[in-house]
There are 2 protein chains.
Amino acid sequence: MTVIFSKKCEYGLQAVLYLSAKGIGEIVSADEIAKKLNIPKEFVSKILQSLTESGLVNSKKGKAGGFSLAKEPSKIRLIDIVAAIDGLGMFNTCVLGFPSCSPDHPCPLHEKWGSLRSSTYNMLTEQTLDELKEKTLNKIAHLEA
Amino acid sequence: MTVIFSKKCEYGLQAVLYLSAKGIGEIVSADEIAKKLNIPKEFVSKILQSLTESGLVNSKKGKAGGFSLAKEPSKIRLIDIVAAIDGLGMFNTCVLGFPSCSPDHPCPLHEKWGSLRSSTYNMLTEQTLDELKEKTLNKIAHLEA
DNA sequence: CTTTAATCAGACAAAAAAATCTGTTTATAG
DNA sequence: CTATAAACAGATTTTTTTGTCTGATTAAAG
């Protein structure tokens, strides 16, 4: 099987969307996130720690501590989270794995894939957390099932 | 890092494109493919064996043996190779990893990603080996570098 | 018929990704 | 102050992916 984002990145995106749905400044524990999203607690905790280092998330230690967004949701783009976790390699390496793929020695899919990849990149760059809030709330409402 | 296709699938696509570039019916050894494409020989050999089981490739044992396409290049689509190696999971599982993602309980990216994914699927379905032959030949000509 | 060069089969090894565990530090609440 | 609940740090384990090795089988060529 193949996948666009690593599991780490999927979980990271889910967690950040969850944070944004709770409202700005709201502090949420890794435990709550893990339970609601059905993610291993220690794992999501690690991911949020790394996003804290990246400056996308704030953390507060001690009792009643947890995580919150470090910026306004309108200032956090999906690509920022992807870049922090998976990096942007998928947007500049050859889809067929040719190490030597370049505009002057393109692989057979260079153009076709290039344009799809750009569309994907643009989508992730345009989508900010605030724009997704309503959809995120809807989704979260149905997670109990 | 993330990736669209697994290494196995990348190598499989490269190898099949290589076969198609050599002309229909032409038999090529795993050794030659491995050397030209800079892929571990045993690995590409395994991949071609599996594609043989899938009916996309023919194999011939013994001296002067090797692999060849099992169908006309115009009848082999890229999606066939992807399906045989990586499966089609990436085209029907949630991009954010929500197990419960569906049209009635969509994830926040459901529509936007869905349309990009369809475009990708369509591209892989439309592209057959014969259509890529010229580009493949060009690429192969530059692999020595 | 014997040598050679190939696929094939299946175990094995190494590396990467995903997940878990153990314990420490920190801050709040009682 | 003390108990508690959280992040934090880092080692460890498990699983998956990637890659390697050994030998058996097969077929062509001399």
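Note on naming: letters A, B, ... go to the chains in the order of the sequence lines (proteins, then strands), and numbering restarts at 1 for each one.
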| task | Starting from the C-alpha separation in whole Å, work towards a yes-or-no answer on side chain to side chain contact (heavy atoms under 4.5 Å, CB included) for A:V3 and A:E10. | result | CA-CA 10 Å; A:V3 120; A:E10 285 180 5; 4.2 Å; yes
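- Residues satisfying the ring-ring contact (aromatic ring centres under 6.0 Å, His included) criterion with A:F67, sequence neighbours excluded, are absent altogether.
- Regarding A:I33, its CD1 atom lies at a distance of 12 Å from the C1' atom of D:dA6, rounded to whole Å.
- Evaluated for a side chain to side chain contact (heavy atoms under 4.5 Å, CB included) with B:K8, the options B:L13, B:V44, B:I85 yield exactly one hit, B:I85.
- Distance CG (B:D86) to C1' (D:dT16): 13 Å, rounded to an integer number of Å.
- In this structure, B:Q49 atom CD and C:dG10 atom P are separated by 10 Å, rounded to whole Å.
- Applying the salt bridge (Lys or Arg N to Asp or Glu O under 4.0 Å) definition to pairs two or more places apart or across chains, those involving residues 60-73 of chain A are A:E72-A:K75.
- Checking side-chain atoms of A:D80 against main-chain N and O of A:I76 turns up no donor-acceptor pair under 3.5 Å.
- Taken residue by residue, residues 6-31 of chain B places heavy atoms nearer than 4.0 Å to DNA chain C at B:S29, B:A30.
- A:T128 and A:D130 share a side-chain donor-acceptor pair at under 3.5 Å.
- For the side-chain hydrogen bond (donor to acceptor under 3.5 Å, both in side chains) condition, the pairs that include at least one residue of residues 83-103 of chain A, sequence neighbours left out, are A:S6-A:D86, A:D86-B:T2, A:S100-B:K139, A:S102-A:D104.
- Open room surrounds CD on A:E134; 12 or fewer heavy atoms of other groups in view lie less than 6.0 Å from it.
- No salt bridge links A:E32 with A:K35; every basic N to acidic carboxylate O contact stays at or beyond 4.0 Å.
- Looking at residues 53-66 of chain A, you'll see A:K60, A:K61, A:G62, A:K63 sit with a heavy atom under 4.0 Å from some atom of DNA chain C.
- For the segment residues 40-47 of chain B, residues with any heavy atom less than 4.0 angstrom from an atom of DNA chain D are, sorted by number, B:P40, B:E42, B:F43, B:K46.
- Within the 4.5 Å cutoff, side-chain heavy atoms of B:F91 are placed close to those of B:L124.
- In summary, A:E131 and B:K112 do not engage in a salt bridge, as defined by a charged side-chain N under 4.0 Å from a carboxylate O.
- Nucleotide D:dT18 holds its P atom 13 Å from the CZ atom of B:F5, rounded to whole Å.
- In this structure, B:L48 places its CG atom 13 Å from C1' of C:dA6, rounding to the nearest Å.
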